Amino acid sequence: MIPKTFKEVIDLGDGREISIETGKLAKQAHGSVVVQSGKCMLLCTVVSNYKASDVDFLPLTVDYREKFAAAGRYPGGFFKREARPSDGEVLTMRLVDRVLRPLFPKDYHSETQVMIQLMSHDEDVMPDAMAGLAASAAIQLSDFPFECAISEVRVGRVNGEFIINPTRAQLQESDIDMMIGASADSVMMVEGEMDEISEEEMVEAIKFAHEAIKVQCAAQEKLAEAFGKKEVREYEPEAEDEDLQKKVHDMAYDKVYEVAKAGSSKKERSEAFSAIKEEIKASFSEEELEEIGDLISKYYHKAEKEAVRNLTLEEGLRLDGRKTTDVRPIWCETDYLPSVHGSAIFTRGETQALATVTLGTSREANQIDMPSFEGEETFYLHYNFPPFSTGEARPIRGTSRREVGHGNLAQRALKGMIPEDCPYTVRVVSEVLESNGSSSMATVCSGTMALMDAGVQLKKPVSGIAMGLITDTETGKYAVLSDILGDEDHLGDMDFKVTGTADGITACQMDIKVKGLSYEILVNALIQAKDGRMHILGKLTDTIAEPRPEVKSYAPKIVTRVIPGEYIGALIGKGGEVIQELQKTTNTTIVINEDPETEEGIVEILGTGQEGIDAVLAKIDALMFKPEVGSVYEVKVIKMLDFGAVVEYTDAPGNEVLLHVSELAWERTENVSDVVNMGDVFDVKYFGLDPRTRKEKVSRKALLPKPEGYTERPPRNDRGGDRRGGGDRRGGNRDRDRKPRRD
């Protein structure tokens with residue numbers, strides 16, 4: 001018997017709905033829901049162990065997977081099964097994790113797993129926009145200690161109108177693509193890309209999304225009440241000792257404050273803070289340290305955080321001595337690497353990124369193969385964050401989720417500035433060589449310069465800055481920090497990254513840790529971020545003011561030629577022999593794609609030498625050459641036959657035609673060699689198809705004056721063709737080739 005189900009429906013206001021259902025699937029999970037919109041269905045399950053893990057953090061795993069069966073497709077690869085997550089799935093995991101994690105108690109250390117699976121796909125529904133809703137709804141049905149319901153929505157804007165969870169088609173027309181995560185009371189996460197919008201427009205989009213999220217949070221609460229809200233589980237909280245906390249605070253606060261105020265470097269500051277911590281620990285016995293050592297460390301870090309925050313709020317100073325609006329010293333350099341197509345170094349304080357650009361054909365496009373989306377990217381960016389960039393030694397086990405996320409942010413910041421007619425596939429790689437605050441924004445800056453260095457005609461240069469916020473809810477004081485350090489990233493109430501041109505924002509990423517942040521503070525923070533962006537943009541354009549007019553001499557040039565579909569086969573040749581030989585002799589790469597709508601061939605020719613590219617273009621022109629009736633063309637003799645000469649159009653090498661012996665001269669010609677020889681160059685007139693032989697006819701004699709007293713000879717009788725081969729489609733005389741018959 002099908003079990004009883006519970007369901008809530010959310011009206012999106014334009015005829016679309018989202019339903020949340022529970023009670024039918026995965027009932028052994030601690031919470032499970034099916035979220036559906038149209039034919040798109042997500043199954044989310046949540047489980048959390050009742051026994052705490054032996055760690056001092058929340059071991060939360062958010063896993064989002066798209067099943068290929070959901071779209072009626074097979075996975076690629078030999079084993080034909082879903083394997084490691086794609087970058088698209090990783091990005092969705094990060095979006096959900098960033099909103100959920102802060103709402104668990106800080107002392108809750110039980111292994112917790114959130115699994116979201118796309119079980120049915122709908123072309124008109126983007127499933128990642130419902131993943132946060134599914135995760136929160138499942139948690140609301142569990143007994144987890146979780147603060148409140150949240151949800152996430154995508155917001156777009158088409159023709160000036162905001163849309164919640166737009167379709168992929170609508171998103172193509174939208175100038176905004178933002179994901180917003182929030183509770184009913186507070187916005188907590190923002191990430192997206194924009195088409196150079198203003199700070200005020202961005203805030204309006206966030207407000208619009210938040211109203212929709214409030215409705216989705218209310219629906220989750222109603223579903224939980226109908227299902228039967230569970231009692232929150234009891235768990236063993238971390239041990240606390242107020243007297244010890246006060247003692248450590250009193251011993252640490254003033255000393256930390258003085259170190260923080262000194263404005264030292266990262267290394268000096270870290271050593272000084274470590275010395276204070278060791279001094280405090282030295283005041284306790286070995287037995288006490290063994291028993292309460294973890295608490296001492298915990299309370300020290302609380303005191304350190306409080307001292308650094310108060311320094312900024314009370315005196316407007318920061319750990320490295322800057323004021324709140326100051327940006328660290330910047331130096332840049334382009335064309336640093338001698339062999340790459342484009343390169344640039346961007347160094348800001350103790351953060352450094354080296355970006356490279358590689359130019360290629362459509363064959364190098366990044367293929368995206370997900371159940372919810374198939375396509376390719378002709379511009380993409382990869383971000384690498386090696387351990388040495390922070391002075392650490394640790395194992396490297398593939399690309400981390402952080403690297404995927406930071407690279408995607410930088411890619412979204414820059415991709416709108418790649419011109420639509422850019423013929424290349426462009427790959428940018430950012431190597432982070434030093435890191436102390438926002439290497440992703442350093443990637444945007446170095447990527448901009450590397451693209452201009454490579455000769456990619458960017459519409460406008462893009463810069464980025466990482467910002468922080470420190471607030472005091474009791475006094476109402478707050479400080480917005482420009483160009484934050486790594487330490488400031490951890491101790492602040494909000495960190496956000498904003499990228500853009502001189503005319504508007506192109507991408508952003510925000511994590512808001514304080515409840516009820518006012519939109520007024522958010523607008524002020526964004527305006528201060530704009531000032532910082534403009535300052536950094538000036539440093540970039542001082543280094544390289546505009547894109548180089550051409551790609552470098554050793555970088556490949558690319559030319560695109562469109563040819564009728566009927567010529568594609570001729571250019572490729574039997575078994576690819578023509579195109580392979582052409583690539584070999586011209587030292588080029590040739591890629592041919594067929595336009596599915598027009599059925600035309602789009603030929604991309606990539607090569608470092610213009611001579612080779614010109615040779616390929618000449619071959620294409622030759623293949624497409626169509627002589628016009630009545631026109632005169634220069635030809636060259638390339639083969640001598642008994643019944644004529646094979647000539648090649650000098651303007652279209654490879655295009656051959658038979659010049660029949662009867663068209664060599666007005667006089668009777670017994671031997672072809674009496675009139676022309678191999679290599680001779682002369683003009684002929686084109687007559688089109690000969691109605692008698694159905695072959696193309698050209699004539700040399702038509703351009704010569706008739707001899708005086710010349711009379712036309714009657715045509716020869718050879719079954720409709722000249723016995724010297726004019727009527728034989730093989731170019732020879734069948735009777736002459738036939739062996740004598742034996743009687």
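The structure presented is a predicted model; accordingly, all values stated were derived computationally and were not measured. Along the sequence shown, residues carry numbers from 1.
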Does a side-chain N-to-carboxylate-O contact under 4.0 Å join Arg73 and Asp369? yes

Heavy atoms of Arg401 and Arg94 approach each other most closely as O-CD, 3.3 Å

Could you tell me whether Arg412 and Asp177 make a salt bridge, using a distance below 4.0 angstrom between a side-chain N and a carboxylate O? yes

Closest approach of Asp128 and Tyr64, non-hydrogen atoms and distance? N-OH, 4.1 Å

Quick check against the 3.5 Å criterion: does His406 have a side-chain atom that pairs as donor or acceptor with the backbone of Arg402? yes

Counting N and O atoms only, with roles assigned by atom type, does the side chain of Ser400 sit under 3.5 Å from a partner on the main chain of Glu403, one being a donor and the other an acceptor? yes

Between Tyr424 (side chain) and Ile558 (backbone), is there a donor-acceptor pair under 3.5 Å? yes

Against Val215, only a single residue in Leu12, Ile10, Asp11 fulfils side chain to side chain contact (heavy atoms under 4.5 Å, CB included); can you say which? Ile10

Between the side chains of Glu123 and Lys39, is the shortest nitrogen-to-carboxylate-oxygen separation below 4.0 Å, so that they form an ion pair? no

Flag the pair Tyr380 / His382 as yes when their ring centroid distance falls below 6.0 Å, and as no otherwise. yes

Is there a donor in the side chain of Glu191 and an acceptor in the side chain of Gln509, or the other way round, less than 3.5 Å apart? yes

Working for side chain to side chain contact (heavy atoms under 4.5 Å, CB included), residues Ser430 and Phe385: CA-CA 9 Å; Ser430 173; Phe385 191 85; over 6 Å; no

Indicate yes or no for a side-chain donor-acceptor contact from Thr167 to the backbone of Gln170 under 3.5 Å, with no hydrogens or angles considered. yes

Do side-chain atoms of Thr356 reach the backbone of Ser343 as a donor and acceptor pair under 3.5 angstrom? no

Nearest heavy atoms of Val99 and Gly181, plus distance in Å: CG2-CA, 4.1 Å

Taking Gln36 for the side chain and Gly38 for the main chain, is one N or O donor matched with an acceptor at less than 3.5 Å? yes

For Thr501 and Glu196, does a side-chain donor sit closer than 3.5 Å to a side-chain acceptor? yes

Between Ala365 and Thr378, what is the shortest heavy-atom contact and its length? CB-CG2, 4.3 Å

Is there side-chain contact between Ile20 and Phe6, with heavy atoms separated by less than 4.5 Å? no

Is the shortest distance from a Lys or Arg side-chain nitrogen in Arg65 or Asp63 to a carboxylate oxygen in the other one below 4.0 Å? yes

Answer yes or no: is there a donor N or O on one side and an acceptor on the other, between the side chain of Arg154 and the main chain of Met130, under 3.5 Å? no

Are any of the side-chain nitrogens in Glu604 or Arg363 under 4.0 Å away from the carboxylate oxygens of its partner? no

Return the orientation label for the Phe144 and Phe104 ring planes: parallel under 30°, perpendicular over 60°, tilted otherwise. tilted

With rounding to the nearest 0.5 Å, note down the distance linking NZ in Lys106 to CZ in Arg101. 13.5 Å

All heavy atoms of Ala205 vs all of Ile176, minimum pair found to be CB-CD1, 4.3 Å

Short side-chain donor-acceptor distance under 3.5 Å, Glu392 and Thr390: yes

Run the side chain to side chain contact (heavy atoms under 4.5 Å, CB included) check on Leu381 and Leu414 step by step: do they pass? CA-CA 9 Å; Leu381 186 151; Leu414 293 169; 3.9 Å; yes

Chi angles and distances behind the salt bridge (charged side-chain N to carboxylate O under 4.0 Å, His left out) call for Glu201, Arg157: CA-CA 10 Å; Glu201 288 174 307; Arg157 186 174 65 175; 3.2 Å; yes

Will you find, in the side chains of Ser136 and Gln220, an N or O donor that is under 3.5 Å from an N or O acceptor? yes

Might you point out which heavy atoms bring Cys508 and Val190 nearest each other, and give the distance in Å? SG-CG1, 3.8 Å

Verdict with reasoning, Val603 to Val562, per side chain to side chain contact (heavy atoms under 4.5 Å, CB included): CA-CA 6 Å; Val603 184; Val562 178; over 6 Å; no

Start with the C-alpha gap between Thr560 and Ile602, add the side-chain angles, then the distance that decides, and say whether side chain to side chain contact (heavy atoms under 4.5 Å, CB included) holds. CA-CA 7 Å; Thr560 302; Ile602 302 171; 3.7 Å; yes

Pairs in or reaching into residues 429-446: which pass salt bridge (Lys or Arg N to Asp or Glu O under 4.0 Å), with residues at least two apart or in two chains? none

First locate atom OG of Ser48, then atom CG of Leu58, and finally report the distance between them rounded to the nearest 0.5 Å. 7.5 Å

Measuring from atom NE2 of His341 to atom CG of Asp453, what distance do you get when rounded to the nearest 0.5 angstrom? 11.5 Å

Gln216 side chain to Leu133 backbone, donor-acceptor under 3.5 Å: no

Using only atom types and a distance under 3.5 Å, with no angle test, would you say the side chain of Thr425 pairs donor to acceptor with the backbone of Glu364? no

Between Glu199 and Arg533, is there a side-chain N and carboxylate O pair less than 4.0 Å apart? yes

Have Ser372 and Glu66 got a donor and an acceptor in their side chains that come within less than 3.5 Å? yes

Thr22 side-chain N/O to Ser32 backbone N/O, donor-acceptor pair under 3.5 Å: yes

Could you walk me through whether Ser362 and Asn593 satisfy the side chain to side chain donor-acceptor pair (under 3.5 Å) test, starting with their C-alpha distance in whole Å, then the side-chain angles of each, then the deciding distance to 0.1 Å, before giving a yes or no? CA-CA 9 Å; Ser362 59; Asn593 297 307; 2.8 Å; yes

